[in-house]
> 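One structure is given below, represented as structure tokens, and several questions about it will come after.
Naming: A, B, ... by sequence-line order, numbering from 1 per chain. As the structure is a computational prediction, the values presented were derived from the model and not from experiment.
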There are 2 protein chains.
Amino acid sequence: MRSSIFEVMAEPNRRRILDLLRERERSVGELVKETQLSQPGISKHLRVLREAGLVEVRQKGQKRVYHLRAEPLEEIDNWLEPYRRFWSDKLDALEKHLNVEDKHSTEAATPEKKG
Amino acid sequence: MRSSIFEVMAEPNRRRILDLLRERERSVGELVKETQLSQPGISKHLRVLREAGLVEVRQKGQKRVYHLRAEPLEEIDNWLEPYRRFWSDKLDALEKHLNVEDKHSTEAATPEKKG
DNA sequence: AACTTATATAACTTGACGGTTATATAACTG
DNA sequence: CAGTTATATAACCGTCAAGTTATATAAGTT
């Protein structure tokens, strides 16, 4: 079941799991305790995250320890990139007006920061 | 139907619509032509985007012209923020090791950029 | 006003997703 | 090996989202 990274991260519990794994790696059991999810619930989400390349497992005795692999999130970051100019300064209104016209200058037109 | 910004952007057609509106504002009819969606399909997605604050409408004669309002995307950007360090340099392996231990130093430990 | 164009909305259908319970599998323990 | 702990998977269910068709609404035209 190949889902886009956007779909994967749309699920709040999965974002929560990633947030937890960002602090430190955790076993399935720990994740169950720290969330309100059942064990199979966690396992299902972990599978989705695994298939998206966002986590990796390591066997540690009886436990399976999951850790974050954040690289795939870069795709979201990249998608976001061309939108940043719209909020980075407060020139939103201006930008929006500019891109109503657009068509001509793709360069310049970016006023210097208020400094 | 209040959806999280993540859910809103999880839908590929909605991302496409935003991408189109990023270039320039468009009427519903134009969006129908430029995507593979039916007119009601587009209208439904536009409603979701409107409710998320991601687009705004303006009446222009018979047409309704939609334009981008990117600010709500900042929430995604902010969520992403603490993950960036994991891929920003190539110190991923190191970072991952550090946060396996963690627990002690929440500060420092961040090597300076290669500059 | 009748007609046309443009868009929104309602009603319905379908499929996928997330949760649950039950069970399989695997590792460790005595 | 029997028993326990840890986790994954299967099977099932309810919900919800997205697409479709039909229709309502609104603006423009003649």
Side-chain angles (χ1 to χ4, degrees), chain A residues 1-21 24-69 72 76 100, chain B residues 1-21 24-69 72 76 100:
Chain A
M1 226 260 81
R2 202 115 285 284
S3 326
S4 85
I5 184 79
F6 292 93
E7 296 168 84
V8 172
M9 296 325 298
E11 222 289 322
N13 292 308
R14 284 198 288 264
R15 289 201 300 282
R16 177 95 175 92
I17 291 175
L18 278 207
D19 286 342
L20 287 168
L21 294 183
R24 53 182 155 83
E25 58 176 16
R26 319 223 179 194
S27 70
V28 177
E30 288 178 292
L31 290 171
V32 171
K33 274 172 214 150
E34 315 209 47
T35 63
Q36 220 43 289
L37 290 175
S38 66
Q39 179 268 310
I42 287 284
S43 278
K44 274 175 82 169
H45 284 308
L46 285 174
R47 197 226 255 251
V48 176
L49 291 170
R50 238 186 302 127
E51 290 180 347
L54 282 162
V55 300
E56 278 169 352
V57 216
R58 170 172 67 90
Q59 192 84 27
K60 185 181 182 179
Q62 222 169 341
K63 314 277 189 68
R64 312 203 82 204
V65 180
Y66 281 79
H67 67 263
L68 176 65
R69 205 183 140 262
I76 299 181
V100 166
Chain B
M1 228 258 81
R2 201 114 286 283
S3 327
S4 85
I5 185 78
F6 291 94
E7 296 169 81
V8 172
M9 296 324 298
E11 222 289 321
N13 294 308
R14 285 198 287 264
R15 289 201 300 281
R16 177 97 175 91
I17 292 175
L18 279 207
D19 285 342
L20 287 168
L21 295 183
R24 54 182 156 83
E25 58 175 18
R26 320 223 179 196
S27 71
V28 177
E30 288 178 291
L31 289 172
V32 171
K33 274 173 215 151
E34 314 209 47
T35 63
Q36 220 42 291
L37 290 174
S38 65
Q39 178 268 309
I42 287 285
S43 279
K44 272 176 82 168
H45 284 309
L46 285 173
R47 197 226 255 251
V48 175
L49 291 170
R50 239 187 301 127
E51 290 179 346
L54 282 162
V55 300
E56 279 170 352
V57 218
R58 171 171 67 89
Q59 192 83 27
K60 184 181 183 180
Q62 220 169 341
K63 315 277 189 68
R64 313 202 81 204
V65 180
Y66 281 80
H67 67 263
L68 176 65
R69 205 183 140 262
I76 299 181
V100 165

> Using a strict heavy-atom distance below 4.0 Å, which residues from residues 8-19 of chain B are in contact with DNA chain D?
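Close to the strand are B:Glu11, B:Asn13, B:Arg14.
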> Below 3.5 Å between N/O atoms, which protein atoms pair up with nucleotides 8-12 of chain D? Just atom names and distances, please.
from  : atom 1 : to      : atom 2 : distance (Å)
D:dA8 : OP1    : A:Arg64 : NH1    : 3.2
D:dA8 : OP1    : A:Tyr66 : OH     : 2.5
D:dA8 : OP2    : A:Ser43 : OG     : 2.6
D:dA8 : N7     : A:Gln39 : NE2    : 2.7
D:dA8 : N6     : A:Gln39 : OE1    : 3.1

> Any donor-acceptor pair under 3.5 Å linking the side chain of B:Arg69 with the backbone of B:Glu56?
no
> Provide, to the nearest angstrom, the distance between the CD atom belonging to B:Glu7 and the P atom belonging to D:dC16.
11 Å
> Are A:Glu11 and A:Arg15 close enough for a salt bridge, meaning some N to O gap below 4.0 Å?
no
> To the nearest Å, how far apart are B:Leu49 CG and D:dA18 P?
11 Å
> Verify the contact: side-chain N or O of B:His45 to OP1 or OP2 of D:dG19, cut-off strictly under 4.0 Å; return yes or no.
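It does, given that an N or O in the side chain of B:His45 lies less than 4.0 Å from OP1 or OP2 of D:dG19.
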> Please identify each residue that fulfils side chain to side chain donor-acceptor pair (under 3.5 Å) with B:Arg64, with sequence neighbours left out.
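Expected list: B:Gln59.
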> Is B:Ser38 near enough to D:dT20 that one of its side-chain N or O atoms lies under 4.0 angstrom from OP1 or OP2?
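Yes, within the criterion.
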> Rounded to whole Å, please give me the gap between CD in B:Gln62 and P in D:dA27.
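Taking atom P of D:dA27 as the reference, CD of B:Gln62 is at 10 Å.
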> Using the closest heavy atom to pick a nucleotide of DNA chain C for each, name whichever of A:Gly61 or B:Glu30 lands nearer the 5' end.
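Counting from the 5' end, the first nearest nucleotide belongs to B:Glu30.
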> Kindly say whether B:Val48 contributes a backbone atom to a donor-acceptor pair with the side chain of B:Glu51 at under 3.5 angstrom?
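Not a single qualifying donor-acceptor pair exists.
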> Once you round it to whole Å, what is the distance between P of D:dA26 and CD of B:Gln59?
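One finds 11 Å between P of D:dA26 and CD of B:Gln59, rounded.
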> Please step through side-chain contact (heavy atoms from CB on, under 4.5 Å) for the pair A:Met9 and A:Leu18, ending with a clear verdict.
CA-CA 9 Å; A:Met9 296 325 298; A:Leu18 278 207; 3.7 Å; yes
> A cation-pi test, strictly: NZ or CZ of B:Arg58 under 6.0 Å from the centre of the six-membered ring of B:Tyr66 and no more than 45 degrees from its axis. Yes or no?
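Output no; distance or angle outside limits.
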> Expressed as a whole number of angstroms, how long is the span from B:Arg58:CZ to D:dA27:P?
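These atoms are roughly 16 Å apart.
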> Please assess B:Leu54 against B:Ile5 for the test side-chain contact (heavy atoms from CB on, under 4.5 Å), listing each intermediate value before the final yes or no.
CA-CA 9 Å; B:Leu54 282 162; B:Ile5 185 78; 3.5 Å; yes
> For A:Val32 and A:Ser38: C-alpha separation, side-chain torsions, deciding distance, then whether side-chain contact (heavy atoms from CB on, under 4.5 Å) applies.
CA-CA 6 Å; A:Val32 171; A:Ser38 66; over 6 Å; no
> Please name the residue in the list A:Leu21, A:Leu20, A:Asp19 that meets the side chain to side chain contact (heavy atoms under 4.5 Å, CB included) test with A:Ile17.
A:Leu21
